Amino acid sequence: MAIQRPKGTQDLLPGTIEQWQYLEETIRSVCREYGYEEIRTPMFEATELFQRGVGQTTDIVKKEMYTFQDKGDRSMTLRPEMTASVCRAYVEDKLYGQPQPMKLYYIGPMFRYERPQSGRFRQFHQFGIEVLGADQPIVDAEVISLVWNLYKRLGLIGLEVHVNSVGCPICRARHREQLQEFLAARKSKLCNDCQERFERNPLRILDCKNPSCQEETVGAPTTKDTLCEDCSTHFEKVLAILGRAGVVYRVNPRLVRGLDYYTKTAFEVMVEEIGAQSAICGGGRYDKLVEEIGGPPTPGIGFAMGIERVLAALQVQHKLPEEKPKLFAMLIALGEQAQIEGFALLSDLRSQGMPVGMDLLGRSLKNQLKSANRQGVRYALILGEEELARKVLVIRDLTLGEQMEVSLVDAVEEINKKYQRGV
RNA sequence: GUGGGUGUGGCGAAGUGGUUAACGCACCGGGUUGUGGUUCCGGCAUUCGUGGGUUCAAGCCCCAUCACCCACCCCA
């Protein structure tokens with residue numbers, strides 16, 4: 001058996017790569033409009049960065065990291081997410097010394113060692129943004145509204161934006177305590193998974209899909225009941241701004257995010273119809289993270305969006321742009337001399353910005369035309385010995401089935417005219 | 001890590017023990033000397049993921065193995 005690509009990775013081939021480019025271009029223009037600048041960080045980092053940044057107790061760190069020893073016997077890890085890296089760069093490159101806040105975005109591959117399934121890969125791609133150095137509720141609203149408007153521009157429908165506040169470390173601890181108290185009596189009625197979650201992550205029980213667990217958690221204390229004054233007003237302000245901006249959201253008091261670093265605002269965007277992994281975006285505020293990895297106390301907020309999942313949603317909703325012909329014209333040269341002259345003509349056309357091609361397989365006139373037609377090329381530029389002798393070029397419109405002759409000296413100009421007209 | 005499903009040419013897909021492995025699409029070539037899109041003709045799997053086994057005989061049965069898919073956990 002020939003060598004195969006590693007499990008959970010993919011080759012992006014011509015035909016789909018255009019969809020990626022379209023999505024990336026749309027992302028970049030929305031980011032530009034919101035005043036975000038791109039950041040690129042290494043694809044691997046010291047393992048410790050993720051252990052501290054993402055959190056020792058998370059599944060990502062406990063079982064999903066691609067970790068290896070380098071030749072200097074240092075433990076390195078392929079990045080499973082990028083927030084920790086961006087915060088590391090913020091500290092290491094002293095971005096706190098620049099005008100604040102830093103508004104950054106990234107697009108790139110992430111790596112998690114998991115069993116692949118629909119919408120889940122070992123190498124997957126995320127677009128994300130991070131705002132560092134601003135703690136105002138309006139920042140939270142801007143971040144959420146950026147994704148919202150991106151999805152709107154892409155034409156996605158049927159999305160659900162869930163918003164919650166997980167509070168600061170103080171009220172979060174109180175919530176956890178009250179929740180455990182509430183659930184203690186019902187623990188035996190919960191599913192096995194939830195019984196395990198009881199100690200490790202009781203908040204997650206609220207999110208269990210098991211119907212009986214949902215029943216048992218009715219009336220459980222929510223984050224909303226336990227938020228401190230500061231967290232609660234922050235949350236209210238975020239919601240007010242979002243509402244006025246036209247973002248349709250749902251407050252979901254059961255929304256808890258999996259990564260340890262979140263504080264206050266947490267949110268998630270879901271689409272059904274792309275399979276079990278329906279979250280296409282997740283994010284929130286992380287006011288303690290920069291400090292955690294050794295930087296100055298700095299508030300932060302961001303999100304990560306799964307490129308593959310958004311593409312899947314665009315696909316099922318038929319919102320991807322149609323495939324366009326790659327070439328505008330195809331030169332059909334007959335005879336060696338014509339091939340040499342035609343090749344030079346192509347160079348001229350290309351230098352004017354026109355995408356043009358010619359047969360590279362030595363095919364007959366008939367098969368060259370057939371091939372041009374199948375590729376959806378609009379014009380065939382026929383140059384044979386006869387044309388060459390008369391210093392003319394036949395421009396054949398393959399859509400209309402009509403052709404005209406132009407003198408070779410005027411050819412580039414004539415073709416360019418058609419190109420500019422878009423026909 | 002756990003459970004289920006699938007594996008036939010570039011793609012889709014017949015075939016459920018018996019001579020040469022349907023068909024469709026795509027691709028390549030041709031239908032007399034330089035004009036495509038329709039049509040016609042031809043080419044394109046010594047072989048059915050891989051390795052064993054059963055049998056006179058296996059793509060079809062058994063075992064193992066690998067790969068992919070889906071779901072759980074969790075997440076983008």
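Since the structure is predicted, the reported quantities are computational estimates derived from the model, not experimental observations. Lettering follows sequence order; numbering is per chain, from 1.
Picking from B/U35, B/A76, B/U2 the nucleotide with the shortest atom distance to the side chain of A/Arg115 gives B/U2. Which of B/C69, B/A76, B/G34 sits closest to the side chain of A/Ala279 comes down to B/A76. Set against B/G29, B/G34, B/A76, the side chain of A/Gln126 has B/A76 as its closest nucleotide. The A/Lys370 side chain lies nearest to B/G36 when the options are B/C70, B/U35, B/G36.
Between A/Arg363 atom CZ and B/C27 atom C1' the separation is 10 Å, expressed in whole Å. Taking atom CZ of residue A/Arg79 and atom P of nucleotide B/A76, one finds them 15 Å apart after rounding to whole Å. For A/Gln4 and B/U50, the CD to P distance is 12 Å, given to the nearest whole Å. With rounding to whole Å, A/Phe124 atom CZ is found 8 Å from B/A76 atom P. Taking atom CD of residue A/Glu402 and atom C1' of nucleotide B/G37, one finds them 15 Å apart after rounding to whole Å. Put simply, CG on A/Asp11 is 14 Å from C1' on B/C68, counting in whole angstrom units.
Contact check on A/Glu130 versus A/Lys103 returns no salt bridge, with no Lys/Arg side-chain nitrogen under 4.0 Å from an Asp/Glu carboxylate oxygen. Salt-bridge annotation for A/Arg88 and A/Glu45: present, with a side-chain N of the basic residue lying under 4.0 Å from a carboxylate O of the acidic one. Between A/Arg250 and A/Glu160 there is a salt bridge, since a side-chain N of the basic residue sits under 4.0 Å from a carboxylate O of the acidic one. The pair A/Arg390-A/Glu386 meets the salt-bridge criterion, since a charged nitrogen lies less than 4.0 angstrom from a carboxylate oxygen. Classification of A/Arg153 and A/Glu33 as a salt-bridged pair holds, one side-chain N sitting under 4.0 Å from a carboxylate O.
Both distances falling under 3.5 Å, in either a Watson-Crick or a G-U wobble arrangement, place B/G10 opposite B/C25. Across every strand in view, B/A64 sits in a pair with B/U50 that passes the Watson-Crick or G-U test at under 3.5 angstrom. Pair check for B/G1 finds B/C72; Watson-Crick or G-U wobble, both atom distances under 3.5 Å.
The side chain of A/Lys7 places no N or O atom within less than 4.0 Å of a non-bridging phosphate oxygen (OP1 or OP2) of B/A67. Dashed line: the shortest gap from a side-chain N or O of A/Asn373 to OP1 or OP2 of B/U35 is not under 4.0 Å. For A/Arg374, no side-chain nitrogen or oxygen approaches OP1 or OP2 of B/G36 to under 4.0 Å. Regarding contacts with the backbone of B/A71, a side-chain N or O of A/Gln117 is found under 4.0 angstrom from either OP1 or OP2.
Residues A/Leu365 and A/Ile307 each lie close to RNA chain B; by heavy-atom proximity, the contact nearer the 5' end of the strand is made by A/Leu365.
No N or O donor and acceptor, one from the side chain of A/Gln277 and one from the base of B/A71, sit under 3.5 Å apart.
Base contact: A/Gly401 has a heavy atom under 4.0 Å from a base atom. Residue contacts for A/Ala372: at a heavy-atom cut-off of 4.0 Å it reaches no nucleic acid atom on any strand shown. A/Ile280 comes within contact range of the sugar-phosphate backbone alone, with a heavy-atom separation under 4.0 Å but no base atom that close. Contacts of A/Glu81 with the nucleic acid, taken as non-hydrogen atoms under 4.0 Å apart, are absent.
Because its NZ or CZ atom is both nearer than 6.0 Å to the ring centre of A/Tyr113 and within 45° of the ring axis, A/Arg122 counts as a cation-pi partner of that residue.
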